[in-house]
J.: 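Structure below; questions to follow.
Hydrogens, waters and symmetry mates play no part in the numbers below; they use all other heavy atoms, side chains included. Numbering of ligands and ligand atoms starts at 1, following listing order.
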Amino acid sequence: MSEVRPGLEGVVAGETAICSVRPEGELIYRGYNVHDLAEQAGFEEVAYLVLFGKLPTGAEIKAFDDGLRSNRTLPPGVIESLDRLPSDAVPMDALRTAVSTLALYDPEAGDNSHDANLRKAARLLARMATAVAAQHRLSQGLEVVAPDPELNHAANFLHMLRGRRPDEFEARVLEVTLVLYLEHEFNASTFTARVIASTLSDLYGAVVGAIAALKGPLHGGANEKAMDVILEIGEPARAEAWVEESLRQKRRVMGFGHRIYKTADSRVEVARKWGGLLGKQLDDTRLSDICTTVEEVMRREKNLCPNVDFYTAPIYHMMKIPVSLNTPIFAMSRVVGWSAHVIEQIDNNRLFRPNSRYVGATGLEFEPLDRRG
Ligand code: ACO
C-alpha cells in the first residue's frame, strides 16, 4: 500500500523554474536572491523577472510598466458590482468577487495561449490593486480615487487608498513588502492555482481559487491574525507573559511557524529591517519592540521562528492601513507568482489527479427510503 502524506508534506508535486527555497534557507526568484531583489530592484522589475523569466532591459521594463499604468482603471461594470457589495463585506471576499467579475470584461479570458496569459497576468496585476483600494473606499462611503499614471505600483496603491500622494519612503517600504510577497513556489494558494490550471481552466479562475486559499489563517490570512496578536499584546512589557499564557492554553501564535522554514524565514530579515526603519521615521518603535520580544519567547519556548507575515503586519499598521486589507495586499502582489505558475503549468501540462486511501465503510446493503423510517 502506498504511503499517505497528510498535507502532502515532503511530497515533490512537480518541477518549477520560477522560485525555490534552497536547502540552506535562501529564497530565490528565477535564480536571484530575494534580499538582493527587495533591496535593489523595483516591484515592477521583479514582477517582470518572475513572469518572463529574465531581468528586463531598460526598454523592456518601460514597455511593461507603461502597460501596467495604462491598465489600472477598472471597467465601469466592475466598479458598479463592487459598489453593490455589502459595506461590511470581508475585503478578501470582495477581491475574490472582483477578480471573478474582471474575467467577464476580458475578451481574452478564455484564451490559454502563453502570450494571452502573459497579457492577462499584467492586466490582473494592474487592476487588482485598484480593486482593493476602490472596494475599501466604497465600503467607507468614499469616492473611488482614479489611478495616478505618474506613480509606480506601490505609491499608486497608497494614493488610491487614501486619496493623497504618499511619502516616498513609505511607498518604498510598501514596495519592499510587495517584493517579499511576490512568489513562494508550491505554497497552498499557488498549488491551488496550478491544480485549477491543470484542468485547462483559465487564469482568472485559477486566481479566484488562489485568493480563496490565501485567505485562510494558516496561509496568507495570518498577516491579519498576526496583527490582532500584536494589538492584543499592546505594550512590549506585556509580550512575554502573553506568549507564555497563549502557549500554556495551546493556542497558535499567528505569524509563527512554517511548513518549509524550520530555522528562519528568509524574508523576515528584510521585513524586520524596513519595519524598524519605518518605526524610527515615525518615532514609534513600540510595535517593533513587541515583535522582538514575542520572537525571543517563541524561540525559547517552542523553537519556532516568525514568518514574513509577523513582520509585514506591523508595517501596514504603521501605515494606518486597516488590518482587513493586509491579506488583499499580499494577494495583489502574489498574483504575479500565481500567474507565472499557471503559465508554467499550462505550457507543460499534466492533470493533477492524486489517489486517496479509502478508510470508509464497504459492502453496506442499500435500504430504500420507505424502509428507513
Ligand atoms: N504557534 C504555536 N505552536 C505552533 C505554531 C504556532 N504558530 N506553529 C506550529 N506550532 C507547533 C504545533 O503545535 C506543533 O507542536 P507539537 O508538535 O507540540 O504538537 C508543531 O509546532 C508543528 O506544527 P505543525 O502544525 O505540524 O506544523 P506545519 O508545518 O504543519 O504548520 C503552519 C505550518 C500551518 C504555518 C503552522 O506553523 C501555523 O499554524 N502557523 C500559524 C499560522 C501562520 O503564521 N501561517 C503563515 C504561514 S507563512 C505564509 O503563508 C505566508
Side-chain angles (χ1 to χ4, degrees), residues 4-13 19-21 25 27 29 34 38 92 176-194 209-233 239-272 275 290-291 293-316 323 325-338 341:
V4 176
R5 305 293 291 266
L8 300 183
E9 184 165 2
V11 172
V12 178
C19 170
S20 175
V21 179
L27 173 64
Y29 297 169
V34 75
M92 272 302 267
V176 168
T177 69
L178 294 180
V179 171
L180 297 178
Y181 269 143
L182 195 142
E183 164 54 1
H184 210 240
E185 51 119 92
F186 275 35
N187 59 83
S189 57
T190 303
F191 190 60
T192 302
R194 287 192 80 127
I211 291 172
L214 189 74
K215 180 187 170 193
L218 295 187
H219 188 15
N223 70 0
E224 295 178 17
K225 301 290 176 203
M227 197 61 229
D228 295 341
V229 164
I230 296 165
L231 290 174
E232 196 182 319
I233 293 172
E240 181 164 12
W242 190 96
V243 176
E244 284 172 349
E245 180 57 17
S246 285
L247 295 179
R248 204 183 55 75
Q249 291 182 19
K250 304 250 174 281
R251 276 166 47 191
R252 285 194 176 218
V253 180
M254 306 314 271
F256 279 81
H258 199 279
R259 179 64 65 76
I260 305 289
Y261 298 114
K262 294 303 176 195
T263 50
D265 176 336
S266 58
R267 301 163 292 185
V268 160
E269 188 185 324
V270 180
R272 196 200 282 115
I290 292 173
C291 291
T293 309
V294 175
E295 186 175 343
E296 280 165 14
V297 181
M298 285 298 282
R299 272 196 203 278
R300 186 185 74 209
E301 300 293 324
K302 291 288 287 185
N303 198 24
L304 280 172
C305 56
N307 55 58
V308 65
D309 291 332
F310 195 67
Y311 279 96
T312 51
I315 289 177
Y316 300 149
V323 175
L325 296 188
N326 287 5
T327 321
I329 290 172
F330 185 161
M332 67 188 220
S333 165
R334 183 57 63 84
V335 66
V336 177
W338 293 332
H341 279 274

J.: Heavy-atom distances under 4.0 Å decide this one: backbone, side chain, both or neither, for Asn307 against ligand 1?
T.: side chain
J.: Taking salt bridge (Lys or Arg N to Asp or Glu O under 4.0 Å) as the definition, give me every residue that meets it alongside Arg300, ordered by chain and number, with sequence neighbours left out.
T.: Glu240, Glu244
J.: Determine, counting only non-hydrogen atoms of the protein, whether one lies under 4.0 angstrom from atom 26 (O) of ligand 1.
T.: no
J.: Between Phe330 and ligand 1, which part of the residue brings a heavy atom under 4.0 Å of the ligand: side chain, backbone, both or neither?
T.: side chain
J.: With a 4.0 Å heavy-atom cut-off (strictly under), which part of Asn223 contacts ligand 1: side chain, backbone, both or neither?
T.: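 Within the 4.0 Å criterion, Asn223 makes no contact with ligand 1.
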J.: Do any nitrogen or oxygen atoms of Leu247 lie less than 3.5 angstrom from nitrogen or oxygen atoms of ligand 1?
T.: no
J.: List ligand 1 atoms under 4.0 Å from Val253, heavy atoms only on the residue side.
T.: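 Going through ligand 1 atom by atom, the ones under 4.0 Å from Val253 are 1 (N), 2 (C), 6 (C), 7 (N).
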J.: Quiz question for you: does at least one protein heavy atom lie closer than 4.0 Å to atom 22 (C) of ligand 1?
T.: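 Not a single protein heavy atom is under 4.0 Å away.
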J.: Counting only non-hydrogen atoms of the protein, does one fall under 4.0 Å from atom 8 (N) of ligand 1?
T.: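 So atom 8 (N) of ligand 1 has protein heavy-atom neighbours under 4.0 Å.
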J.: Less than 3.5 Å between some nitrogen or oxygen of Lys262 and one of ligand 1, yes or no?
T.: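 Yes, since at least one N or O of Lys262 sits under 3.5 Å from an N or O of ligand 1.
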J.: Which of the numbered atoms in ligand 1 are below 4.0 angstrom from a heavy atom of Lys302?
T.: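 Heavy-atom distances to Lys302 below 4.0 Å select 3 (N), 15 (O), 18 (O).
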J.: If we only count N/O pairs under 3.5 Å, is His219 in contact with ligand 1?
T.: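 Between His219 and ligand 1, an N or O pair is found under 3.5 Å apart.
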J.: Heavy-atom contacts with Ala222 under 4.0 Å: which atoms of ligand 1 show up? List them by number with element.
T.: 43 (C), 44 (O), 45 (N), 46 (C)
J.: For the side-chain contact (heavy atoms from CB on, under 4.5 Å) test, which of Leu247, Asn303, Thr293 pairs with Met298?
T.: Leu247
J.: Does even one non-hydrogen atom of Pro217 get within less than 4.0 Å of ligand 1?
T.: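 It does; at least one heavy atom falls under 4.0 Å.
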J.: Just heavy atoms, cut-off under 4.0 Å: does Asp265 contact ligand 1 by side chain, backbone, both, or neither?
T.: neither
J.: Looking only at protein heavy atoms, identify the closest one to atom 39 (O) of ligand 1 and say how far it is in Å.
T.: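 Protein heavy atom at minimum distance: Arg252 NH1, 2.8 Å.
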J.: Could you tell me the residue and atom name of the protein heavy atom closest to atom 49 (C) of ligand 1, and the distance to it rounded to 0.1 Å?
T.: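 In this structure, atom 49 (C) of ligand 1 has Asp309 OD2, 3.7 Å as its nearest protein heavy atom.
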J.: Any non-hydrogen atom of Tyr181 lying under 4.0 Å from ligand 1?
T.: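 For ligand 1, residue contact (heavy atoms, under 4.0 Å) with Tyr181 is absent.
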J.: Among protein heavy atoms, which sits nearest to atom 10 (N) of ligand 1, and what does the distance come to when rounded to 0.1 Å?
T.: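 Answer for atom 10 (N) of ligand 1: Leu304 CD1, 3.5 Å.
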J.: Less than 3.5 Å between some nitrogen or oxygen of Arg259 and one of ligand 1, yes or no?
T.: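 Yes, Arg259 has an N/O under 3.5 Å of an N/O on ligand 1.
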J.: Looking at Arg272 and Glu269, does any basic side-chain N land under 4.0 Å from a carboxylate oxygen?
T.: no
J.: Between His258 and ligand 1, find which residue part has any heavy-atom pair under 4.0 Å and reply side chain, backbone, both or neither.
T.: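 For His258, the contact with ligand 1 is made by both the backbone and the side chain.
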J.: What is the nearest protein non-hydrogen atom to atom 41 (C) of ligand 1, stated with its residue, atom name and distance?
T.: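 The answer is Phe256 O, 3.3 Å.
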J.: Provide, to 0.1 Å, the distance between atom 45 (N) of ligand 1 and the closest protein heavy atom, together with that atom's residue and name.
T.: Leu218 O, 2.9 Å
J.: Enumerate the atoms of ligand 1 whose separation from the nearest heavy atom of Gly257 is less than 4.0 angstrom.
T.: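 Per the distance check, 35 (C), 37 (O).
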J.: Under 4.0 Å from a heavy atom of Gly255: which atoms of ligand 1 are those, numbered in the order shown and with their elements?
T.: 43 (C), 44 (O)
J.: Looking only at distance, does Arg251 have an N or O less than 3.5 Å from an N or O of ligand 1?
T.: no
J.: Please name all residues satisfying salt bridge (Lys or Arg N to Asp or Glu O under 4.0 Å) with Arg334, sequence neighbours left out, ordered by chain then number.
T.: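 Listed in chain order: nothing, the list is empty.
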